[in-house]
Chemist: 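Below is one structure. I have some questions about it.
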Amino acid sequence: MDKTTTVQARISDDLKAQVECILSSLGLNTSDAIRVFFHQVVNHGGLPFDMRVKAPNAETWAAMRELENGGGIRHKNVEDMFKSWDNEE
């Protein structure tokens with residue numbers, strides 16, 4: 001068997017809990033998942049997925065353009081925004 005080493009990473013408690021929940025449903029623990037990931041990095045000669053910036057969807061882009069062009073409704077605070085939603089009904 002190959003000699004092993006330890007890998008450490010700092011992540012938030014929340015992220016760790018979310019990941020462990022998903023991994024356990026796949027029958028994996030964190031160490032197993034890291035080993036699988038590392039093998040895939042070697043097999044792919046790089047990251048085994050495309051890295052992308054999370055982009056807004058079409059509806060969000062349209063709303064952003066509307067605001068940039070002086071449209072849309074602006075509110076002083078969140079409470080006023082919610083009140084305006086209540087008045088729409």
Side-chain angles (χ1 to χ4, degrees):
M1 183 172 162
D2 290 337
K3 184 178 175 185
T4 62
T5 189
T6 300
V7 176
Q8 293 181 330
R10 292 197 174 276
I11 60 172
S12 71
D13 290 337
D14 185 51
L15 178 59
K16 183 176 185 269
Q18 290 178 57
V19 168
E20 287 177 339
C21 182
I22 293 167
L23 292 176
S24 68
S25 70
L26 297 170
L28 297 171
N29 62 36
T30 304
S31 293
D32 294 334
I34 291 170
R35 275 190 292 280
V36 168
F37 173 72
F38 279 23
H39 281 288
Q40 290 301 309
V41 168
V42 170
N43 290 343
H44 283 81
L47 291 176
F49 48 82
D50 293 334
M51 292 204 37
R52 300 179 186 170
V53 174
K54 192 172 186 177
N57 62 25
E59 183 178 2
T60 302
W61 278 117
M64 291 165 52
R65 280 192 299 276
E66 180 182 3
L67 286 174
E68 287 172 354
N69 294 326
I73 301 169
R74 297 180 187 266
H75 300 281
K76 293 179 185 176
N77 54 50
V78 174
E79 290 80 18
D80 286 351
M81 180 182 69
F82 287 133
K83 286 177 189 173
S84 76
W85 292 353
D86 290 338
N87 293 335
E88 288 178 2
E89 295 175 4

Chemist: Could you grab the distance from atom CD1 of Ile22 to atom OG of Ser24, nearest 0.5 Å is fine?
Modeler: 9.0 Å
Chemist: Please name the pair of heavy atoms, one in Thr30 and one in Leu23, separated by the smallest distance, quoted to 0.1 Å.
Modeler: CA-CD1, 3.9 Å
Chemist: Which residues pass the salt bridge (charged side-chain N to carboxylate O under 4.0 Å, His left out) test with Asp14, not counting sequence neighbours?
Modeler: none
Chemist: Please list, chain by chain and in numerical order, all residues satisfying salt bridge (charged side-chain N to carboxylate O under 4.0 Å, His left out) with Arg35, sequence neighbours excluded.
Modeler: Asp32
Chemist: Taking salt bridge (charged side-chain N to carboxylate O under 4.0 Å, His left out) as the definition, give me every residue that meets it alongside Glu20, ordered by chain and number, with sequence neighbours left out.
Modeler: Lys16
Chemist: Is there any salt bridge (charged side-chain N to carboxylate O under 4.0 Å, His left out) pair reaching into residues 61-76, and which pairs are they, with sequence neighbours excluded?
Modeler: none
Chemist: Would you say the side chain of His39 lies within less than 4.5 Å of the side chain of Val42, judging by non-hydrogen atoms?
Modeler: no
Chemist: Salt bridge (charged side-chain N to carboxylate O under 4.0 Å, His left out) with Arg52: which residues, sequence neighbours excluded?
Modeler: Asp50
Chemist: Remaining members of Trp61's ILVMFWY cluster at a side-chain heavy-atom cut-off under 4.5 Å?
Modeler: Met64
Chemist: Please determine whether the number of non-hydrogen atoms from other residues, nucleotides or ligands lying under 6.0 Å from atom CG of Asp13 exceeds 12.
Modeler: no
Chemist: Can you confirm whether more than 12 heavy atoms, excluding those of Ile73, are under 6.0 Å from its CD1 atom?
Modeler: no
Chemist: For Gly71, is there any backbone N or O sitting under 3.5 Å from a side-chain donor or acceptor partner on Asn69?
Modeler: no
Chemist: How is the hydrophobic cluster of Phe37 composed, in terms of its other members, when Ile, Leu, Val, Met, Phe, Trp and Tyr link through side-chain heavy atoms under 4.5 Å apart, directly or indirectly?
Modeler: Val7, Ile34, Phe38, Val41, Leu47, Phe49, Met51
Chemist: Can you name the residues that form a side chain to side chain contact (heavy atoms under 4.5 Å, CB included) with Asn57, not counting sequence neighbours?
Modeler: Glu59, Thr60
